[in-house]
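The following block contains the structure, expressed as structure tokens.
Numbers here simply count residues along the sequence, with the first being 1. The basis for the numbers below is simple: all heavy atoms, side chains too, and nothing from hydrogens, waters or symmetry mates. In each ligand, atom 1 is the first atom listed, and ligand 1 is the first ligand listed.
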Amino acid sequence: MTEVRVFAPATVANVAVGFDILGFAIDRPGDEIVARLNPDTKGLRITEITGTGNKQLPYEVEQNTAGVAAQRLLEHLGRTEIGIDLEIHKRMPFGSGLGSSAASAAGAVVAVNELLGAPLSRESLLYFSVLGEQVADGSFHADNVAPSLVGGITLIRSNESLDIHKLPVPENLQVAVVHPDIEILTRDARAVLDDHVALPTAIRQMGSLASFITALYTDDLPLLGRSLHDYVIEPQRKQLIKGFDDVKAAALQRGALGCSISGAGPSVFALCDSGYLAQAAGQSMQEAFARYGVDSQLYVSPINQQGVTIL
Ligand code: HSE
């Protein structure tokens, strides 16, 4: 094989109840990454980046999330001498809370691993993808990378040891994700967070997380709805998202099970128990943003179970 093209899905991290330890993948949007053997060169090069609008992404391997992820993998495999050209086709906005940099990193390691005959398992590629994403936001957390790479709803017991677990997905679960035309860098959204959580707040949050996981295992969507509350992060970050309270209220009024910030924001997600409700809740959320003069895009999707796919 001399060329591999992959699709890496967008992700919703945190999922209201699991800051830095929970995330799920959605069917679209996502990034496409191409890795191609180049017999005339040595080493990894980034040869094409498209879909970035008026933004610039670095072509220098060591400054690019996909480049770093692929390079660390090649070093691990002892294959840095091999000539590989990488193309990155961005199909989702930056600073959107949809895991854009994580998708590029996850896509790059799968494409390069496949090009070399798939020496490593999907799970073993996680470490290299997280190293890539770390270039973008400065911190080491797998809550976007893991679901983009392996699909589904993923729980991370420990970001240090990358002990990750795929959780069951209730059959009817659908998600509406609304991306408002506001840009928030993860680095900035992390900077607003207080390091300390009061004990009563921690207790409520632990209850939410535990009952959310219980709801997934018992296919209990009403319990899932009652569990989907973020007492720690959402109150601190919501002021970065114009109109957030009204957008959330709009989703809940249209029957969403729950609604919160997707990753570091500004995207907002709502979990629903049918595709019809997700579409309706998403449109109401868009209308609420519009009342604040904010344009937005809506994505309605089931939970993506595949993760990165080879095209
Ligand atoms: N858990 C991360 C955060 C996800 O909320 O900062 C964004 O990369």
> Just going by heavy-atom distances, which of Arg187, Glu133, His141, Arg190 is nearest to atom 3 (C) of ligand 1?
Replying inline: Arg190
>> Distance alone, cut at 3.5 Å: any donor-acceptor contact between the side chains of Ser139 and Asp137?
In response: yes
>> At less than 4.0 angstrom from any non-hydrogen atom of Gly263, what atoms of ligand 1 do you find?
In response: 5 (O)
> Is the shortest side-chain N to carboxylate O distance from Arg291 to Asp246 below 4.0 Å?
Replying inline: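 Result for this pair is no, no salt bridge flagged.
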> What's the spacing between Ile88 CD1 and Asp31 CG if we round to 0.5 Å?
Replying inline: 8.5 Å
> So which bit of Asp137 gets within less than 4.0 Å of ligand 1, heavy atoms only: side chain, backbone, both or neither?
Replying inline: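 The answer is the side chain of Asp137.
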>> Under the rule for side-chain hydrogen bond (donor to acceptor under 3.5 Å, both in side chains), what residues qualify as partners of Asp181, not counting sequence neighbours?
In response: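 So Asp181 forms a side-chain hydrogen bond (donor to acceptor under 3.5 Å, both in side chains) with Gln297.
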> Just which atoms of ligand 1 are under 4.0 Å from any heavy atom in Asn14?
Replying inline: 1 (N), 2 (C), 3 (C), 5 (O)
> Counting from 1, what ligand 1 atoms have a heavy atom of Asp20 closer than 4.0 Å?
Replying inline: 1 (N), 2 (C), 3 (C)
Which atom pairs, one a donor and one an acceptor, fall under 3.5 Å between side chains of residues 7-22 and the rest of the protein, sequence neighbours left out?
| residue | atom | partner | partner atom | Å |
| --- | --- | --- | --- | --- |
| Thr11 | OG1 | Asn144 | ND2 | 2.9 |
| Asn14 | OD1 | Asp20 | N | 3.0 |
| Asn14 | ND2 | Gly263 | O | 3.3 |
| Asp20 | OD1 | Arg190 | NH1 | 3.1 |
| Asp20 | OD2 | Arg190 | NH2 | 2.7 |

>> Is the terminal nitrogen or CZ of Arg72 (NZ for Lys, CZ for Arg) located under 6.0 angstrom from the six-membered ring centre of Phe128 and within 45° of that ring's axis?
In response: no
> With atoms numbered from 1 as shown, which atoms in ligand 1 lie under 4.0 angstrom from a non-hydrogen atom of Arg237?
Replying inline: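 Counting from 1, the qualifying ligand atoms are 3 (C), 5 (O), 6 (O).
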>> Using a 4.0 Å cut-off to any heavy atom of Asn144, which atoms of ligand 1 qualify?
In response: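 Going through ligand 1 atom by atom, the ones under 4.0 Å from Asn144 are 4 (C), 7 (C), 8 (O).
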